[in-house]
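Scope of the values below: all heavy atoms of this structure, side chains included, with no hydrogens, waters or symmetry mates. Reminder, nothing fancy here: chain letters follow the sequence lines and each chain counts from 1.
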Amino acid sequence: MNTESKLPLEESRSLNFIEEIVESAKVGDSLPRVHTRFPPEPNGYLHIGHAKSICLNFGLAKNYNGKCNLRFDDTNPVAEDVEYVDSIMEDVRWLGFDWEDRLFYASDYFQQIYDWAVVLIKKEKAYVCDLSAEEVSSMRGTPTIPGTPSPYRNRSVEENLDLFERMKNGEFAYGSKTLRAKIDLASPNMHMRDTVLYRILRAHHHRTGNKWCIYPMYDFAHGQSDYIEGITHSICTLEFEVHRPLYEWFLESIGLPLPRPRQIEFARLNLTYTVMSKRKLLELVKSNYVNGWDDPRMPTICGLRRRGYTPESLRNFAERIGVAKRENVIDVSLLEFCVREDLNKKANRILGVLNPVKVVITNFPDNHVEELDAINNPEDASAGGRKIPFTKELYIEQEDFMENPPKDYFRLRPGGEVRLRYAFYIKCENVVKNPETGEIIEIHCTYDKESRGGKTTDGRKVKGTIHWVSAQNAVECEVRLYDRLFKSENPEDGQDFKADLNPDSLKVIKGYLEPFVKNAKAGESYQLERLGYFNIDKDTTENNIVLNRTVGLKDAWSKIVKK
RNA sequence: UGUUCGAUGGUGUAAAGGUAGCACAACAGAUUUUGAUUCUGUUAGUUCAGGUUCGAAUCCUGGUCGGACAACCA
């Protein structure tokens, strides 16, 4: 009827402050070009905080018909390694983003950046300094006290040019000289106090090999790399806010023509019960508090993947937490909500018992197997169905039987009747205990033959439905139950975050699953009905199926019990 | 304490001078062959003090609180 062209979704969703910046630059009816980049340093594995940044940068480009580059910020060969390059590319792709043919490295630009340093020297905006790191540090002053000039600050252009070239040629020892910007030693912004541009490093670079022995610092490489790539919005985290004047000073001082990239800072992600710093994650790995970077308890993307998180759930999470400049700590329960939401739609259901107690159906024929129909996913009719074998001896969950149950308990009890999911009504007739320990060994029940499939025609009401598995057909699996890695909401609060490690963050138990699980492939997610979502681990072999618990189902009963 | 950024329910995030909304969490109820899902409802918020205005979360002034910055890391 009218000319409305907005999508309903976009109409209802409000803009974050970065999108507003993009929109405010609207010229007439056309949007400005949007070109972002995700610039990881290849010195560690990506974590969920990076996922936020990836979704932001690639998402912004997508929404505004722009582009997003993947660029490795590889200016410090001492810390970096190809091992990380590969994992980072894998993780970005897995999250569902594509940099197409725009894979770049800051090291691609080393020559250009070097040439620009020479430009700065010629403009008397940079000089070679012989001070040691300690001396530079002690002469920098404090925020309230101006720094003292380096005695080398006024070397001639010719001398600087000569020295800088000889630095490049490897004539000087590691750390003996730096190239410094000549800015303002009295600046209240410490980064403007003649920051270091180049340092001498004798290290093998993963891409340039031994070609260079001087390497540019982040500040001198990042903005220029953005410029070279035609980046419009250079999005980074809040701690770079104070670097912005430097970022702009370099582009300006080198004399690069407009348009220039604009640096925009947002608040990084923090999660309750989680540490996020690379240093701490590395320590957890190196000191074997966890089993590698992809340990399912780690907040790394590969850890979350192995835990059973899906790319969709992570993208939805990133969307829900929003983007702003204020410090934030997101409740992990939101993350858990996001996987449950996604897996509820996608994961096929199976029956499995984790803490078994044997049930004997006394009126069921010996050696008889009844094949029962089960629905794979009630949320998705196209997932179809399967058969589950029912036999005289079954396992049910220990928690699903109580001799002296509380008021609202509607599972199995002496004399009580309960429905076995997709199977029959059973009634508890007798309990067999170990005479010495009092432990329940077997629960003897009778079944109602007429209740096949879980319903009868007599209108009888059976409130409880519990899961079960045929004792003789059950597949014994290894089940890894994960809990939060740390005990307190903010593990970084204490002196030593390792003291806050949760000793029960991993429990390995045996589980008994319906035979269908034999078809499962590594990486697949299943819901064990009434228990939670589980992912088939890559450690799975033909004789040992391994399941990782992604997250439990919401559990209203456990809350009632606590009260 | 120098510069700088920030402050909205328990946690996040909207509202661009005009009804403080949404999500998660919590709680209550309905439905349910998963105590799940789904649905409905409830609790709960503008850091403080002034000012401008018919009207302020929003603008102004000041205070308070919190973060970031003094690597030859990124």
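Among the heavy atoms of the strands lying under 4.0 Å from A/V329 are primed sugar atoms or P, OP1, OP2 only; no base atom is included. A/R349 comes within contact range of at least one nucleobase, with a heavy-atom separation under 4.0 Å. Among the atoms of the strands shown, base atoms are found under 4.0 Å from some heavy atom of A/Q527. Within 4.0 Å of A/E265, counting heavy atoms only, lies no atom of the nucleic acid at all. Contact annotation for A/Y409: base contact, defined as any heavy-atom pair under 4.0 Å involving a base atom. Here A/L553 lies in heavy-atom contact (under 4.0 Å) with a base. Residue A/Y215 is out of contact with every strand shown, counting any heavy-atom pair closer than 4.0 Å.
In this structure, the CG atom of A/L15 is 13 Å from the C1' atom of B/U13, given to the nearest Å. Distance CZ (A/F410) to P (B/G35): 6 Å, rounded to an integer number of Å. Computed from coordinates, the A/E341 CD to B/U38 P distance equals 8 Å when rounded to whole Å. Distance A/N490 CG to B/G10 P: 19 Å, rounded to the nearest Å. If you take CZ of A/R419 and C1' of B/G35, they are 13 Å apart, rounded to a whole angstrom. Between A/I388 atom CD1 and B/U34 atom P the separation is 13 Å, expressed in whole Å. For the pair A/W557 CH2 and B/U32 P, the interatomic distance rounds to 20 Å; values are reported in whole Å. As rounded to whole Å, 18 Å separates atom P of B/U34 from atom CZ of A/F534.
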For nucleotides 68-74 of chain B, give me one character per nucleotide, 5' to 3': B if any protein heavy atom sits under 4.0 Å from the base, S if the only such contacts are to the sugar-phosphate, - if neither. SSBSBSB
What does nucleotides 18-30 of chain B look like as a protein-contact string, B for base, S for sugar-phosphate only, - for none, at under 4.0 angstrom between heavy atoms? -----SSSSSS--
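Distance noted for atom P between B/U47 and B/A57: 10 Å (whole Å). For the C1' atoms, the distance from B/U8 to B/A14 is 10 Å, rounded to whole Å. Comparing B/A56 with B/U46, their P atoms are spaced 15 Å from each other, to the whole Å. Comparing the C1' positions of B/A7 and B/A28 gives a spacing of 33 Å, expressed to the nearest Å. Rounded to a whole angstrom, the distance from the P atom of B/G45 to that of B/A30 is 28 Å. The gap from the C1' atom of B/C27 to that of B/A44 amounts to 11 Å, rounded to the nearest Å. Between the C1' atoms of B/G10 and B/A25, the separation comes to 7 Å (whole Å). When the P atom is used for both B/A70 and B/G12, the distance is 25 Å, rounded to whole Å.
Between the A/N490 side chain and the A/E492 main chain, a donor and an acceptor come within less than 3.5 Å of each other. One N or O on the side chain of A/R419 and one on the backbone of A/G454 form a donor-acceptor pair closer than 3.5 Å.
Between A/F110 and A/Y215, the distance from one ring center to the other falls under 6.0 angstrom.
With hydrogens and angles left out, the side chain of A/R326 and the base of B/G66 share no donor-acceptor pair within 3.5 Å.
Every residue meeting the side-chain hydrogen bond (donor to acceptor under 3.5 Å, both in side chains) condition with A/Q263, not counting sequence neighbours, appears here in chain and number order: A/E265. Looking at residues two or more places apart in sequence or on another chain, you find a side-chain hydrogen bond (donor to acceptor under 3.5 Å, both in side chains) between A/E283 and A/K498. Qualifying ring-ring contact (aromatic ring centres under 6.0 Å, His included) partners for A/H467, counting only residues two or more places apart in sequence or in other chains: none. In terms of the ring-ring contact (aromatic ring centres under 6.0 Å, His included) criterion, residue partners of A/F72 (sequence neighbours excluded) are, by chain and number, A/Y105. Evaluation of the salt bridge (charged side-chain N to carboxylate O under 4.0 Å, His left out) rule for A/D108 yields A/R207 as partners, not counting sequence neighbours. Taking the ring-ring contact (aromatic ring centres under 6.0 Å, His included) definition, one finds that A/W293 meets it with A/Y45, sequence neighbours left out. Partners of A/S53 by side-chain hydrogen bond (donor to acceptor under 3.5 Å, both in side chains), not counting sequence neighbours, listed by chain and number: A/N57.
For the pair A/G322 and A/E379, nearest-nucleotide mapping onto RNA chain B gives the more 5' position to A/G322. Ranked by how close their nearest RNA chain B nucleotide is to the 5' end, A/V323 and A/D408 are led by A/V323.
Within 6.0 Å of CZ in A/F17 there are more than 12 heavy atoms belonging to other residues, nucleotides or ligands. Remark: A/E399 CD is loosely packed, at most 12 non-hydrogen atoms of other residues, nucleotides or ligands lying under 6.0 Å away. For A/R268, the CZ atom counts as loosely surrounded, since its 6.0 Å shell holds 12 or fewer non-hydrogen atoms of other residues, nucleotides or ligands.
Side chains of A/R37 and A/H233: a donor-acceptor N/O pair is absent below 3.5 angstrom, by distance only. Counted by atom type alone, A/E229 and A/N69 present one or more donor-acceptor pairs between their side chains at under 3.5 Å.
Base orientation for B/A16: anti, the chi torsion being more than 90° from 0.
The A/R530 side chain lies nearest to B/U34 when the options are B/G2, B/U34, B/U37.
The salt bridge (Lys or Arg N to Asp or Glu O under 4.0 Å) contacts involving residues 344-357 of chain A comprise A/E312-A/K346, A/D342-A/K346, where partners must be two or more places apart or lie in separate chains.
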For Watson-Crick and G-U wobble pairs within 3.5 Å on both distances, what is RNA chain B written in dot-bracket notation, | included for inter-strand pairing? .((((((..((((....[..)))).(((((.......)))))....(((((..]....))))))))))).....
Please write out each protein N/O paired with an N/O of nucleotides 43-45 of chain B under 3.5 Å, distance rounded to 0.1 Å.
none

